[in-house]
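Have a look at the structure below, then the notes.
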Amino acid sequence: MASRLLSFFILLSLTLTAQLRENPSMRPPEQPNPKTLIPQSLIETLVSEVSGSVGLSHILELASYERDRLSEEYKTVYREAAYIEKMAKQYNLEDVHIERFPMPQKQWDGELGELWLEKPNKRLIVSYRDIAASLAVGSKTADVTSELIYCGHGDKKTDYADKNVSGKIVLVSGPPGAAANMAVREFGAAGVVSFNNPTGRPFDRPDQIAWNGLNRGFGGGDSAKPTFAFNLSHRMGIELVEALEKGEKLTVHAKVKATEYDTPMQVPTAVIKGDGSSDQEIALAGHLFEGVAKQGAMDDASGCAMVLEIARAWKNLIDEGVVPRPKRTVRFMWVPEIAGSGAYLRKYQDETKRMIAAISIDMAGGDVTKSRNSFRLMRTPYSVNSFVNDVSQQFFEFVGETNREKVNNRRIVYNYMFPILDPSGSRDQFYYNIEKHYGASDHTVFLGQGIPAILYNNWPDVAYHTSEDRPLNADATQIKRTAFIGLASAMVMAGSDGPGAIRVAEMITGYASERSARELGLALQGLGDGGTLREALARIKCNYEREIDAIRSAEVLADKDKDSAAKIEMMAKSFAETGLTADTERVKTYAKVRGISASQMTAEESEAAKWIPVRKKLDAPQGFGGGGGRGQVDGTKLNGMGASEAKAFADGKRSILEIRDHVSSEFGAMDSKLFIDYFQDLAKKGDFELRVK
């Protein structure tokens, strides 16, 4: 009887758990799912349509292994470009074709690369046939048998002190390009062997071989004195070093055959046409090549696969009558990184001017367990405040909140509240981060053309830029989640009308309030740490200028609906009038409590406040790529993203001090003199003129 009763209660418990999973409203969760700008019914439709398995199949087709690129491809079409074009046509996308743009230099191609140990025992160390990354891009044809000499890091003259490397092959732990410049061109060495791995995980993954090149990286080598280089894994390099340190004399034989081709850049592209109600456009891009020698599954066949799967799912839903055509045309681009997107946008300026937002997907769908990474939204720089940030952020948060177990909801179910899983993928949680701007991908090119653009990116990647960048690092479930986020975000951007634009502005206002609260906390903390009242008030002012611009950015989505645009403008002004005033008073009150009085500006601040930089070359594109996301990498002068942002904030109205305040709020406090010197240099070059305020 007792066992029957126990069985009954177990069955009852399982039944109730199943019912609660199917109908959570029976017992409302303590942490409900986040709301987004699209209804739950449409979310379910999109999640059902996007496929991680299909996305993974694209990665496998594009970069399942490092193929030898045949000479015929250089004369016709690269196999990756041909595949994208074929699938885009198969998916019934529109305006499918491959754009071609001239290359500034010839394309390097490796044909043979073998490094043999000849003495004391003959064996093959590494072969280009087996691992394409082992032959440094830019290597020249050679056939050399010589002694192997270890020269430490290999990029300084002191590394060659008391060593005769003339005609020899040097083994180094540093980058082969820098070592070749020193060993070959300074001291007459014949070639370089390097076990440098600057981007992967040389200690955790000692058998990785990094994609290192000579001089100009993936673009080829310096022909002033032709040379070659081999890349080894950390394990291979250390084994050779240990043999040499034991006093063994090693003779190696390097055989290299390489050539160069005059061949254009290839950019497959396609669109989903808008419904004709707007001439605006948005863009989604992944980079198909980093120089055609390197073939990486995650970097960036994965991003290209995401763009293709988003396009497929969207067009299929349109063709089946499930969703209408978007208001705006959507351009899909698969490009050679940075160079290809730049060439396209420069050629089609009319199209570029119609683009109001762009998403670049560079490394996505990574296996969380293998890479211990998260999916990241890299927002626009502080100088560019756009709806594109928060529209995407809401879907990052939705997937993150619904695809993790919440202890508060355990009385309902031990599971995700809205699982987004692929049948061939994992059941891992979705980890994400919302980050500040970082450059070094195609979104910087869009930003440089005045198009608000963001980056989706998995980081870290344990196989980044190495021979281990293979499809086994991908997860179909994370691919499905990424495709959903991209599709949902793009649908909001491409489909919002006047009322939809107001909804977007409402959402931005909510996020702006959260960010403003954090900025207030930082301003007060700065005062507590001994900062000046001027600095704290400047931080508050800069924040509200940014957030007001972000709210106003939704006006472009209203397009021809002037009434909706006017309502958004009212929202922006209200946010400014109430928030800025209140937070300014809070800072002043806190300063009074702390006994901090308003101090005079320093001499440098007073000087910076006098001058307004005015751009003379109004049509010059702004560059956002230099320095990645770093604000200041050299304390002696303004450079990196700090310099890019300084130019971007120079609108002909702000003083040098105000520009300094904006850049400092983004990257941390910087000396005013750096900005004075920077704009004086630009004025000498004729790019700007300095006017007295």
Side-chain angles (χ1 to χ4, degrees), residues 379 381-383 385 434-437 511-550 575-613 627 629-651 653-679 693:
R379 292 170 60 91
Y382 276 19
S383 62
N385 301 290
I434 309 300
E435 306 274 21
K436 286 186 176 182
H437 170 77
Y511 278 121
S513 298
E514 293 178 11
R515 289 188 290 266
S516 296
R518 288 197 296 271
E519 287 296 311
L520 174 62
L522 290 171
L524 298 180
Q525 184 179 15
L527 282 174
D529 290 340
T532 66
L533 179 57
R534 192 206 75 79
E535 188 85 26
L537 292 174
R539 185 175 197 114
I540 297 299
K541 181 174 180 291
C542 290
N543 168 71
Y544 276 91
E545 284 187 25
R546 291 195 304 272
E547 298 301 354
I548 292 163
D549 282 347
F575 184 82
E577 292 168 358
T578 56
L580 177 59
T581 301
D583 284 355
T584 297
E585 287 305 312
R586 290 185 179 109
V587 170
K588 289 181 177 178
T589 299
Y590 178 79
K592 186 176 181 181
V593 169
R594 296 280 304 208
I596 301 171
S597 59
S599 57
Q600 289 186 334
M601 290 192 292
T602 66
E604 288 177 351
E605 289 173 340
S606 297
E607 181 68 17
K610 288 181 184 178
W611 301 101
I612 297 176
R630 297 171 292 177
Q632 183 66 20
V633 294
D634 179 356
T636 63
K637 63 180 180 179
L638 190 65
N639 54 25
M641 271 300 297
S644 293
E645 284 289 79
K647 283 198 287 188
F649 278 114
D651 59 357
K653 300 176 183 178
R654 294 187 178 99
S655 69
I656 293 178
L657 182 62
E658 290 170 319
I659 293 168
R660 175 263 171 207
D661 290 340
H662 275 284
V663 177
S664 293
S665 71
E666 185 171 6
F667 300 115
M670 300 185 193
D671 292 339
S672 297
K673 189 175 187 305
L674 292 173
F675 292 81
I676 296 171
D677 293 345
Y678 179 68
F679 281 107
K693 186 172 181 180

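Every value quoted in this text rests on a predicted model; they were computed, and no experiment measured them.
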**Prompt:** Should the heavy atoms of other residues, nucleotides or ligands under 6.0 Å from NZ of K592 be counted, would the total exceed 12?
**Reply:** no
**Asked** Do F675 and M670 have side chains that get closer than 4.5 Å, going by heavy atoms?
**Response** yes
**Prompt:** Which value, rounded to the nearest 0.5 Å, describes the distance between Y382 atom OH and H437 atom NE2?
**Reply:** 12.5 Å
**Asked** How close do F679 and A646 get, heavy atom to heavy atom, and via which atoms?
**Response** CZ-O, 3.5 Å
**Pairwise distance CD(E535) to CD1(I540) - rounded to 0.5 angstrom** = 11.5 Å
**Prompt:** Quick one: does K693's side chain have a donor or acceptor within less than 3.5 Å of a partner on S655's backbone?
**Reply:** no
**Prompt:** Closest heavy-atom contact between S513 and F575?
**Reply:** OG-CE1, 3.5 Å
**Request:** Mind checking the CG-CD1 spacing from L674 to I656? Nearest 0.5 Å is all I need.
**Result:** 12.0 Å
**Asked** Who are the salt bridge (charged side-chain N to carboxylate O under 4.0 Å, His left out) partners of R654, not counting sequence neighbours?
**Response** E545, D651
**Prompt:** Can you tell me how far CD1 of I676 sits from CD of E607, rounded to the nearest 0.5 angstrom?
**Reply:** 5.5 Å
**Item:** Under 3.5 Å side-chain donor-acceptor pair for S672 and E605
**Value:** no
**Message:** Less than 4.5 Å apart, side chain to side chain, heavy atoms only: is that true for L527 and R594?
**Reply:** no
**Prompt:** Around E585, counting heavy atoms of other residues, nucleotides and ligands shown, do more than 12 lie under 6.0 Å from its CD?
**Reply:** yes
**Message:** Salt bridge check, E519 against R539: does any charged N sit closer than 4.0 Å to a carboxylate O?
**Reply:** yes
**Message:** If we ignore hydrogens and angles and just use 3.5 Å, is the side chain of E666 paired with the main-chain N or O of P381 as donor and acceptor?
**Reply:** no
**Asked** From L657 CG over to H662 NE2, what is the distance, rounded to the nearest 0.5 angstrom?
**Response** 10.5 Å
**Polar side-chain atom of E547 near backbone of Y544 as donor-acceptor pair, under 3.5 Å** = no
**Fill in**
Between the OG1 atom in T636 and the CG atom in D671, the distance rounded to the nearest 0.5 Å is 11.5 Å
**Request:** Considering non-hydrogen atoms only, spot the tightest contact between V587 and A523 and give its length.
**Result:** CG2-CB, 4.4 Å
**Prompt:** Closest heavy-atom contact between K541 and L580?
**Reply:** CA-CD1, 4.1 Å
**Message:** Testing the 3.5 Å rule here: is there a donor-acceptor pair between the side chains of R546 and S665?
**Reply:** yes
**Message:** Restricting to non-hydrogen atoms, name the atom on P613 and the atom on I659 that form the minimum distance, rounded to 0.1 Å.
**Reply:** CG-CD1, 3.8 Å
**Request:** Just do the side-chain contact (heavy atoms from CB on, under 4.5 Å) check on T602 and K673 with the steps written out, would you?
**Result:** CA-CA 11 Å; T602 66; K673 189 175 187 305; over 6 Å; no
**Request:** Run through L524, L520, T578, N543 and flag the one making a side chain to side chain contact (heavy atoms under 4.5 Å, CB included) with D583.
**Result:** L520
**CA sep, side-chain torsions, deciding dist, call: R660, E645, salt bridge (charged side-chain N to carboxylate O under 4.0 Å, His left out)** = CA-CA 10 Å; R660 175 263 171 207; E645 284 289 79; over 6 Å; no
**Asked** What is the minimum heavy-atom distance between L533 and A591, and which atoms define it?
**Response** CD1-CB, 3.8 Å
**Prompt:** Is there a side-chain contact between E658 and I612, using heavy atoms and a 4.5 Å cut-off?
**Reply:** no
